[in-house]
Amino acid sequence: MMSDPSSDAVFMRTAIEQAVENVRDGGGPFAALVVRDGSIVARGVNRVTPSNDPTAHAEIVAIRAACKALGQFHLNGCTLYTTCEPCPMCLGAIYWAHVGRVRYAGTRDDAAAAGFDDAHIYDEIGRDPDERTIDMQPCLQEAGQRPFAAWAQYDERVEY
């Protein structure tokens, strides 16, 4: 997938304006676009506080809308334009969705300076579950294998 700096800038300016407007509408200062073949497939803005949904980050909203619009759960060949470097949750979603390219404006340090600091989450990811600040302990590990066995035996499964 070729990168076109001029169209990248156009789409990023669109996302930035959308983020500014979202702040005026009571949302967070983040917006994202999913673009394929030079056209915007989906848009998303941060609606965490208005919707009381901690997963309503702009990238997640845009990815969900793009997958729905395209009728598929992979976004191969798409570019995600986001007004800030993706947080750990959004980065995971980007990889799960197989987004082809990501362009971002602000950095995680810019976000931290504005009060959106995810450094503790990055730190937690590298720790063993029993060393995390939230109590995480295995429970019924043997029984927990049953869903995986059912998946392995299901002939009509769709591979991720």
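No side-chain N or O of R43 forms a donor-acceptor pair with one of Y81 less than 3.5 Å apart.
V34 places none of its side-chain heavy atoms less than 4.5 Å from the side chain of R64. Between P29 and F116 the shortest side-chain heavy-atom distance falls below 4.5 Å. At least one side-chain heavy atom of P88 sits less than 4.5 Å from a side-chain heavy atom of I125. By the 4.5 Å heavy-atom criterion applied to side chains, V158 and F73 are counted as neighbours.
A31 approaches A15 most closely through the heavy-atom pair CB-O, 3.3 Å. Here the shortest heavy-atom pairing between N46 and N22 reads O-ND2, 2.7 Å. Of all non-hydrogen atoms in P86 and E59, the two that sit nearest each other are CA-OE2, 3.8 Å. Smallest separation of non-hydrogen atoms from V61 and V45: CG2-O, 3.9 Å. The minimum heavy-atom distance between D8 and R101, with the atom names listed, is OD1-NH2, 2.9 Å. Residues T55 and D53 come closest through the heavy atom pair OG1-OD1, 2.6 Å.
Under the side-chain hydrogen bond (donor to acceptor under 3.5 Å, both in side chains) criterion, E159 pairs with R157, sequence neighbours left out.
Within 6.0 Å of CD on E131 lie more than 12 heavy atoms contributed by other residues, nucleotides or ligands. Counting heavy atoms of neighbouring residues, nucleotides and ligands inside a 6.0 Å radius, atom CZ of R132 exceeds 12 of them.
Rounding to the nearest 0.5 Å gives a distance of 12.5 Å between CD of E124 and CG of D118. The CZ atom of R103 sits 10.5 Å away from the CG atom of L80 when rounded to the nearest 0.5 Å. In this structure, the separation between CG on D117 and CZ on R108 is 10.0 Å, given to the nearest 0.5 Å. From H57, atom NE2 reaches atom OG1 of T82 across 10.5 Å, with rounding to the nearest 0.5 Å. Note that CG of L91 and CD of E85 are 8.5 Å apart. Values are rounded to the nearest 0.5 Å. A distance of 7.5 Å separates NE2 in H120 from OG1 in T133, rounded to the nearest 0.5 Å.
Grouping the Ile, Leu, Val, Met, Phe, Trp and Tyr side chains by contacts below 4.5 angstrom, directly or via other members, places F11 apart from V41. At a threshold of 4.5 Å between side-chain heavy atoms, the hydrophobic network of Ile, Leu, Val, Met, Phe, Trp and Tyr places I94 and L75 in one connected group. Under the 4.5 Å side-chain contact rule for hydrophobic residues, F30 and I16 do not share a cluster. The hydrophobic clustering, which links ILVMFWY residues whose side-chain heavy atoms are closer than 4.5 Å, places V102 and L33 apart.
Ring planes of W151 and Y160: perpendicular class, angle over 60° (limits at 30 and 60°).
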